[in-house]
Amino acid sequence: MKNPSFQRQSTAGFTLLEVLVVVVMIAILFAIAGPGWLGVVNRQRSASSREQILQAIRLAQSEAIRTKREQTVTFDAVANPPTITVKGATEQLGNGKFRTGMVSLQTTAPSITFDADGNIKDGVTPPVVITVRAPANTGKRRCVIIQTILGATRSAEDGEALCP
């Protein structure tokens, strides 16, 4: 019969060396994956900003047609983050979720006015190119291009025609 006071204690568990090796391996994986993840986030920021600009332009154009009154879209590229004003309402790119330096905006026309028929009014000559970059001034370009006086719009990316 065994004496219970002399039983060996369990040696289950991890040694300090094993834990350190696992932590180092996880750190290496994060170092490899980090830049790729940052690229995905920046592409998403610029793509969502481009869509926000495209929707603002389409809203102004459709409101001009619907109300039979001129509607203007104004871009403030100097603000950080940049802003868009449509129907008197100003909103930041990213709907207020972007901090300073996350995105930049460049445009060939600081404002675009649509007449009662949804056409671009005199004073702005197409093509109008609105360019968004994330991170600001260094990321890949995403563009909204108003190609004709009738207000036909399209999206483009870095390297495509008219997206400098």
inquiry  = On a heavy-atom basis, which atom in Asp76 and which in Ala79 lie closest, and how many Å separate them?
reply    = OD1-N, 3.2 Å
request  = Drop me the distance from Ser49's OG to Leu54's CG, to the nearest 0.5 angstrom.
outcome  = 12.5 Å
query = So which heavy atom on Cys163 is nearest to which on Asp158, and how close?
reply = SG-N, 4.1 Å
ask   = So, do Phe114 and Glu70 sit near enough that their side-chain heavy atoms are less than 4.5 Å apart?
value = no
request  = Enter the distance from Ile53:CD1 to Cys143:SG here, rounded to the nearest 0.5 Å.
outcome  = 9.5 Å
ask   = Going through the checks in order, is the side-chain contact (heavy atoms from CB on, under 4.5 Å) test met by Glu160 and Arg141?
value = CA-CA 10 Å; Glu160 292 182 30; Arg141 294 173 186 92; over 6 Å; no
query = Is the shortest heavy-atom distance from the side chain of Ser46 to the side chain of Val103 under 4.5 Å?
reply = no
key: Any side-chain heavy-atom pair of Ile57 and Ile146 under 4.5 Å   = yes
message = If hydrophobic clusters are built from ILVMFWY residues whose side chains come within less than 4.5 Å, do Ile149 and Val124 share one?
response = yes
ask   = What is the distance from atom OG of Ser48 to atom CZ of Arg43, rounded to the nearest 0.5 Å?
value = 13.0 Å
query = Is the side chain of Thr15 donor-acceptor paired with the backbone N or O of Glu18 at a distance under 3.5 Å, no angle test?
reply = yes
task = Begin with the C-alpha distance, continue with both residues' side-chain angles, and end with the deciding distance and a verdict on side-chain contact (heavy atoms from CB on, under 4.5 Å) for Thr153 and Arg58.
result = CA-CA 8 Å; Thr153 59; Arg58 287 180 178 161; 3.8 Å; yes
request  = Output yes when Glu63 and Lys87 qualify as a salt bridge under the 4.0 Å nitrogen-oxygen rule, no when they do not.
outcome  = yes
key: Sidechain-backbone polar pair: Gln61 side chain, Gly118 backbone, donor-acceptor under 3.5 Å   = yes
query = Are Phe14 and Val24 grouped together when hydrophobic residues (ILVMFWY) are joined by side-chain heavy atoms under 4.5 angstrom apart?
reply = no
key: Closest contact, heavy atoms only, Phe98 versus Leu93   = CD1-O, 3.4 Å
query = Rounded to the nearest 0.5 Å, what separation is found between the CD atom of Gln92 and the OG1 atom of Thr83?
reply = 7.5 Å
request  = For residues Gln147 and Arg154, determine if any side-chain heavy atom of one lies less than 4.5 Å from a side-chain heavy atom of the other.
outcome  = yes
key: Check: Asn80 side chain, Gly101 main-chain N or O, donor-acceptor pair, under 3.5 Å   = yes
ask   = Are Val128 and Ile145 connected, step by step, through hydrophobic side chains (Ile, Leu, Val, Met, Phe, Trp, Tyr) whose heavy atoms are closer than 4.5 Å?
value = no
ask   = Would you say Arg69 has more than 12 foreign heavy atoms packed within less than 6.0 Å of its CZ?
value = no
Nearest atoms (heavy-atom pairs only) where Thr148 meets Ile120 = O-CD1, 3.6 Å
query = So, Thr85 and Thr90: side-chain donor and acceptor under 3.5 Å apart, yes or no?
reply = yes
Interatomic distance, Met102 atom CE to Arg45 atom CZ [nearest 0.5 angstrom] = 4.0 Å
message = Minimum heavy-atom separation for Ala56 and Val73, please, with both atom names.
response = O-CG2, 3.9 Å
task = Mind checking the CG-CE spacing from Leu20 to Met25? Nearest 0.5 Å is all I need.
result = 12.5 Å
ask   = Same cluster for Val22 and Ile28 if Ile/Leu/Val/Met/Phe/Trp/Tyr side chains link at under 4.5 Å?
value = no
query = Can Leu105 and Thr131 be said to form a side-chain contact (heavy atoms from CB on, under 4.5 Å), step by step?
reply = CA-CA 6 Å; Leu105 178 74; Thr131 306; over 6 Å; no
ask   = Pick one: which of Arg133, Glu157, Glu51 meets side chain to side chain contact (heavy atoms under 4.5 Å, CB included) with Arg142?
value = Glu157
Thr72 side chain near Ile112 side chain, heavy-atom distance below 4.5 Å = no
